[in-house]
There are 2 protein chains.
Amino acid sequence: MSASGKTRVPGRDALRDSVLGDDLVFLLARANALTLAAANAALAEHGLKARSYSVLALAADGARPTQRELAEFLHLDPSQVVALVDGLEQRQLVERRTDPADRRANVLVATDAGRDLFARAQQAARAVELGLLATVTPEEHERLAGLLRLLAFPD
Amino acid sequence: MSASGKTRVPGRDALRDSVLGDDLVFLLARANALTLAAANAALAEHGLKARSYSVLALAADGARPTQRELAEFLHLDPSQVVALVDGLEQRQLVERRTDPADRRANVLVATDAGRDLFARAQQAARAVELGLLATVTPEEHERLAGLLRLLAFPD
DNA sequence: CATGGACCGTTGAAAATGTCAATCATTGGT
DNA sequence: ACCAATGATTGACATTTTCAACGGTCCATG
């Protein structure tokens, strides 16, 4: 062989060096897909997916979000939140409490069991995240999170 | 008022400061959703979505990818690639050529019209990307791309 | 050179997600 | 007291994802 010590499959990495290799939207989509798959796999043993994990997380740390707020924050349709909360409530991980300040709204609160499960699931989630970024310094890890926050919450 | 000069809606940003605010998987999902929506909106005037744009991009820069390679690279099921290519081929933006080296495989090539459209769409796509990261230095922009590549292509 | 297992693209169906409109109960402004 | 606006819910519909099966082609064996 000629040039360098690269271990690249011919067809595959010609694509990686193509126009899309610099396309942020594409990189984001692909990174998200892989990352999501890893997270779902890790959360499966707790009976959760990334979605239900997120809802449980927000219920578990006492923010007392309404379903509307959940929908906005998770970028979901309110009807999807209904289904998600239904699932968690049936498993007694979470309770709907009508907001005393606005009786149309339901506020989400985690049960003890919910907090327990979340604590365990969170460990798994953190392990995945560290595994994904194992090759990167903690500073870069945090920098990535910061830049993603900019994209995720454009004020 | 009391503490700081923050302009935060009470309910909304309590969530942002919750556990999920540091969760890479969540940030990635949300950033991806917003970014994808912006890209789709911008590409719509060219009759494309992020998906078809990606396929067209890979066909247009002469990498001559097979559909299998496309599927792997775009993290899609081969059957989805069929539909995507069907659409582009019907619009005469792309051609299927059976790979002379392996007559099972189709190689994708952009037509002149396809390259033209891609050139225009690419400008729109770049504008979106710059708009999304307008508040960030070019160095940080590139750093973000680099970190996302790590997640998107874990070798 | 014949054969069989693996691979490519295609099809079709099933499951999961995303999107939307209509409804009921409640709220808050006038 | 009224009425437009809002939160949750339901049900319908479109889109996306995932999977299994198939015909055509390749290639490593015998």
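The structure displayed is predicted, hence computed values, not measured ones. By convention in this document, chain letters (A, B, ...) are assigned in the order of the sequence lines, proteins followed by strands, and residues within each chain are numbered from 1.
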With sequence neighbours excluded, tell me which residues meet side chain to side chain donor-acceptor pair (under 3.5 Å) with B:Glu95.
B:Arg97

For A:Asp61, enumerate each residue passing the side chain to side chain donor-acceptor pair (under 3.5 Å) test, keeping only those at least two apart in sequence or located in another chain.
none

Please work out which residues in residues 32-52 of chain A have a non-hydrogen atom less than 4.0 Å from an atom of DNA chain C and list them by number.
A:Lys49, A:Arg51

Is there a path of hydrophobic side-chain contacts, each under 4.5 Å between heavy atoms of I, L, V, M, F, W or Y residues, that connects B:Leu70 with A:Val19?
yes

Summary of side chain to side chain donor-acceptor pair (under 3.5 Å) pairs that have at least one residue in residues 42-58 of chain B, sequence neighbours excluded
none

Quick test of your reading: applying side chain to side chain donor-acceptor pair (under 3.5 Å), list the pairs with at least one residue in residues 73-93 of chain A, sequence neighbours left out, ordered by first then second residue.
A:Asp77-A:Ser79, A:Asp86-A:Arg96, A:Glu89-A:Arg96

Show the distances under 3.5 angstrom between N or O atoms of the protein and N or O atoms of nucleotides 2-9 of chain D.
unit_1	atom_1	unit_2	atom_2	d
D:dT6	O4'	A:Arg104	NH1	3.4
D:dT6	O2	A:Arg104	NH1	2.4
D:dG7	OP2	A:Arg68	NE	3.0
D:dA8	OP1	A:Gln67	N	2.9
D:dA8	OP1	A:Asn106	N	3.2
D:dA8	OP1	A:Asn106	O	3.3
D:dA8	OP2	A:Arg68	N	2.4
D:dA8	O3'	A:Asn106	ND2	3.1
D:dT9	OP1	A:Arg96	NH1	2.9
D:dT9	OP1	A:Asn106	ND2	3.4
D:dT9	OP2	A:Gln67	OE1	3.0
D:dT9	OP2	A:Gln67	NE2	2.5
D:dT9	OP2	A:Arg96	NH1	2.7

How many whole angstroms separate atom NE2 of B:His75 from atom C1' of D:dT16?
14 Å

Going by the rule side chain to side chain contact (heavy atoms under 4.5 Å, CB included), which residues pair with A:Arg103 if we only count those two or more places apart in sequence or in a different chain?
none

Residues that B:Asp99 engages under side chain to side chain donor-acceptor pair (under 3.5 Å), provided they are two or more places apart
none

What is the distance, rounded to the nearest whole Å, between atom CD of B:Gln80 and atom P of C:dC8?
17 Å

With sequence neighbours left out, write down each residue that passes side chain to side chain donor-acceptor pair (under 3.5 Å) with A:Asn40, or none if nothing qualifies.
none

Starting from the 5' end of DNA chain C, give me the residue, A:Leu76 or A:Arg103, whose nearest nucleotide shows up first.
A:Leu76

Residues 121-135 of chain B vs side chain to side chain donor-acceptor pair (under 3.5 Å), sequence neighbours excluded, gives B:Glu129-B:His141

Atom CG of B:Leu84 and atom P of C:dG9 are separated, to the nearest Å, by 14 Å

Taking only residues two or more places apart in sequence, or in another chain, which ones meet A:Arg115 in a side chain to side chain contact (heavy atoms under 4.5 Å, CB included)?
A:Ala60, A:Ala110, A:Asp112

In whole Å, what is the span from the CG atom of A:Asp99 to the P atom of C:dT27?
9 Å

Runs of at least three Watson-Crick or G-U pairs with DNA chain D, cut-off 3.5 Å
C:1-30 with D:1-30

Are A:Leu150 and B:Val136 side-chain neighbours, meaning at least one heavy-atom pair lies under 4.5 Å?
yes

